Amino acid sequence: MDVYCGVSDDQSDAARQQERHYYLLSELQMLVKDLPSSFQQRLSYTTLSDLAQALIDGTVYEIVQGLLDIQHLTEKNLYNQRQKLHSEHRALKQDLVRKHKQALQTCKSHNLAVLKTNQRAEAEALDQRVKDEQRMMDEKIVAEMDQKVLDQQNTLEKAGVPGFFITTNPQEVMMQMNLLELILKLQQKETLSGSLP
C-alpha cells in the first residue's frame, strides 16, 4: 500500500508541476505582450516554456531577488562614494575661495596683478583636479556596474535560467533585462495572489 501511495504522490506532484508550468507559461505569454515587438519576436514558445520550467519551484525568484538586493546596495554605496567626493570637492573650492579672499585683503596694490594671475591658475588647477577625479569616479562606477551585470549573468546562467549568459552585446543585455522584467512581474503577480510555491 505504501508503494501505491508513493506512486500516487509522484503522479500528483507531476500533475501539480505540469499544471504550474502551464500556468506560468500562460502568464509569461500575457506579460510578453507588454514588451516591444522586436523583443516579442525573439522570445519563442520554447524559450518561454523553458523559462516557465525554471520558475516552477520559486528558486529563480529568490536568486533574482538576491541579485537585486546586491545591485541596490552596490548602487547606494557608489552613490554615497560619489556624494562624498562631491562634498570634498565643494570643501576644497570653498577653502580656496576663502584663502584667496584673505590674500586679496592683505595684498599690496603693486602685487595685485601677480596675485590675481596666481589665484586664477590655482583655481583652474583645482577645477581640473575636480574634473579628473569626477571622471575617474564615474569610470569606476561604470566599471563596477558592468561587473555587476556580468556577475548577474553568470549567476543566472549557472542557475539554468534560459536566455542568460555572459555578454556585453547591448541587444543581448537588453533581452536579458526584458527577461528579468518578466520574471519580476510574474513574481509580483504571484506574491499578490499568494500562489508562490
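By convention here, the first residue in the shown sequence is residue 1. This structure is a prediction, so every number in the text was calculated from the model and none was measured.
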* Asked: Using 4.0 Å as the upper bound for N to carboxylate O, is an ion pair formed by Asp95 and Arg98?
  -> yes

* Look up atom CG in Leu73 and atom CG in Asn77, then write down how far apart they are to the nearest 0.5 Å. => 8.5 Å

* **Derivation and outcome, side chain to side chain donor-acceptor pair (under 3.5 Å), residues Gln18 and Tyr22** => CA-CA 6 Å; Gln18 188 63 34; Tyr22 285 138; 2.9 Å; yes

* Is it true that Ile63 and Leu68 fall in one hydrophobic cluster, defined by side-chain heavy atoms closer than 4.5 Å? -> yes

* To do: Quick one: do Ser49 and Thr46 satisfy side chain to side chain donor-acceptor pair (under 3.5 Å)? Show the steps, please.
  => CA-CA 5 Å; Ser49 180; Thr46 304; over 6 Å; no

* Met174 atom CE, over 12 foreign heavy atoms within 6.0 Å -> no

* To do: Count the heavy atoms of every other residue, nucleotide or ligand shown that sit under 6.0 Å from CD of Gln171, and state whether that count exceeds 12.
  => no

* Test side chain to side chain donor-acceptor pair (under 3.5 Å) applied to Lys99 and Gln119, step by step -> CA-CA 9 Å; Lys99 179 181 143 195; Gln119 287 182 342; over 6 Å; no

* Distance only, no hydrogens: is a donor on one side chain within 3.5 Å (strictly under) of an acceptor on the other, for Asp132 and Gln128? -> yes

* Structure fact -> dist Asp50:CG -> His21:NE2 (nearest 0.5 Å) comes out at 7.0 Å

* Passes salt bridge (charged side-chain N to carboxylate O under 4.0 Å, His left out), Glu190 versus Arg20? Steps please. -> CA-CA 11 Å; Glu190 286 199 276; Arg20 179 147 171 76; 2.5 Å; yes

* **Working for salt bridge (charged side-chain N to carboxylate O under 4.0 Å, His left out), residues Glu124 and Arg129** => CA-CA 9 Å; Glu124 287 171 3; Arg129 174 184 164 191; over 6 Å; no

Side-chain donor-acceptor contacts of residues 153-161 below 3.5 Å, not counting sequence neighbours, with atom names and distances?
| residue | atom | partner | partner atom | Å |
| --- | --- | --- | --- | --- |
| Gln153 | OE1 | Thr167 | N | 3.1 |
| Gln153 | NE2 | Thr167 | O | 3.1 |
| Gln153 | NE2 | Gln176 | OE1 | 2.8 |
| Thr155 | OG1 | Asp151 | O | 2.9 |

* Heavy-atom count around Gln188 CD within 6.0 Å, excluding the residue itself: above 12? -> no

* Asked: Should side-chain heavy atoms under 4.5 Å link Ile, Leu, Val, Met, Phe, Trp and Tyr, which residues sit in the same cluster as Leu126?
  -> Leu92, Leu96, Val130

* Asked: Does Thr74 have any side-chain contact (heavy atoms from CB on, under 4.5 Å) partners at least two apart in sequence or in another chain, and if so, which?
  -> Ile70, Leu78, Glu144, Met145, Lys148

* hydrophobic_cluster_shared for Ile56 and Leu28, side chain cutoff 4.5 Å -> yes

* Look only at the side chain of Ser87 and the backbone of Gln83, and say whether a donor-acceptor pair between them is shorter than 3.5 Å. => yes

* Begin with the C-alpha distance, continue with both residues' side-chain angles, and end with the deciding distance and a verdict on side chain to side chain donor-acceptor pair (under 3.5 Å) for Gln134 and Asp138. => CA-CA 6 Å; Gln134 285 178 337; Asp138 291 345; over 6 Å; no

* Asked: Between Leu184 and Tyr61, is any pair of side-chain heavy atoms under 4.5 Å apart?
  -> no

